Amino acid sequence: SVMAELAGISDMAKALKEKLGVRDVVIVPGDSDQTFWVQRDMGRATVARLKRELSSSVHNTIAVTGGTTMASVAAMMSPDKENRPMTFVPARGGLGETLELQANTVCSRMASRAQSDYHLLHIPDMVSKETFVKMVEEPSIKNVLQMIKDASIVVHGIGEAKTMAKRRRASAELLEQLEQEHAVAEAFGYYFDRDGKIVHRVKTVGLQLDDLKQVEHVIVVAGGHSKAEAINAYVKQSPDIILITDEGAATTILKG
Ligand code: G3H
């Protein structure tokens with residue numbers, strides 16, 4: 001029955017929370033590798049959880065990354081019933097994704113569905129060092145970078161390392177390096193091995209991994225059995241997170 005299934009899922013969430021040592025776990029039924037709608041359900045669960053963490057006393061600045069999972073979070077976003085003020089910002093500059101999957105796109109889509117405010121980071125992926133140094137001094141860009149640093153909530157995805165590097169058209173050298181260093185996970189431009197050690201990072205502006213420690217709520221959304229190893233690796237170095245995942249990933253992690 002549906003009730004029995006839900007009870008099973010909440011037991012599984014408890015077990016996974018314990019195994020990973022994270023702050024909290026939410027699991028939606030199904031496997032997003034097999035069924036597209038499961039990713040939308042994770043999106044819906046992420047939106048619900050995000051709203052639980054909104055503050056009514058201070059302005060909520062929410063930094064978000066890109067990717068298909070985050071695009072699903074944006075697709076399920078809705079206005080806050082309590083009208084708590086929210087501003088969305090992209091967590092980091094360009095990582096080489098196509099327009100649909102960029103943090104800027106996810107950010108503007110999320111804000112429009114939430115009927116709230118947003119700011120974008122207009123920095124091209126490839127500029128000379130001199131241009132780059134000048135650009136980050138531009139008041140409009142500097143302002144957004146400060147907002148990112150002040151974000152109280154970060155929502156980001158996790159990817160499987162090789163899948164992400166290929167999708168972003170990484171060079172043959174980088175692919176080789178990731179292979180040699182046994183990279184298994186990727187999150188906002190950082191690549192990790194199975195112990196959660198950083199093996200590579202894309203140099204770009206915005207949120208850096210160390211900054212996450214200062215963020216009040218970090219919501220990580222990743223599912224599908226193919227991401228089990230990546231999730232496992234990532235939380236080894238960032239355990240203080242709220243994980244939104246699916247049954248496919250959860251079952252695989254618990255078996256391992
Ligand atoms: O940054 C991208 C995410 O880490 C994973 O992307 O949601 O499309 O699998 P995805």
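These figures come from a predicted structure and were not determined experimentally. The figures here come from the full heavy-atom set of this structure, side chains too, leaving out hydrogens, waters and symmetry mates. Order of appearance sets the numbers: ligands from 1, and atoms from 1 within every ligand.
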Would you tabulate the polar-atom pairs, meaning N/O of ligand 1 against N/O of the protein, with distances under 3.5 Å, reported to 0.1 Å?
unit_1, atom_1, unit_2, atom_2, d
ligand 1, 1 (O), R168, NH2, 2.9
ligand 1, 1 (O), E186, OE1, 3.4
ligand 1, 4 (O), G159, N, 3.1
ligand 1, 4 (O), E186, OE1, 2.8
ligand 1, 6 (O), R167, NH2, 3.4
ligand 1, 7 (O), T68, N, 3.4
ligand 1, 7 (O), T68, OG1, 3.3
ligand 1, 7 (O), T69, N, 2.9
ligand 1, 7 (O), T69, OG1, 2.5
ligand 1, 8 (O), T68, N, 2.8
ligand 1, 8 (O), T68, OG1, 2.6
ligand 1, 8 (O), R167, NH1, 2.7
ligand 1, 8 (O), R167, NH2, 3.3
ligand 1, 9 (O), K227, NZ, 2.6

Fill in: Residue that, paired with T245, satisfies side-chain contact (heavy atoms from CB on, under 4.5 Å) out of I27, V221, V28
I27
Discussion item. Could you check whether H156 and Y234 have their ring centres less than 6.0 Å apart?
Written reply: yes
Worksheet item: Side chains of T252 and K227: do they bring a donor and an acceptor to under 3.5 Å?
Response: no
Item to complete: Go through the structure and list residues passing side chain to side chain donor-acceptor pair (under 3.5 Å) with R23, not counting sequence neighbours.
Response: H217, D240
Worksheet item: Looking at Q115, K51, R113, which hits side chain to side chain donor-acceptor pair (under 3.5 Å) with S78?
Response: K51
Item to complete: Can you label the angle between the F192 ring and the Y190 ring as parallel, tilted or perpendicular, going by 30° and 60°?
Response: parallel
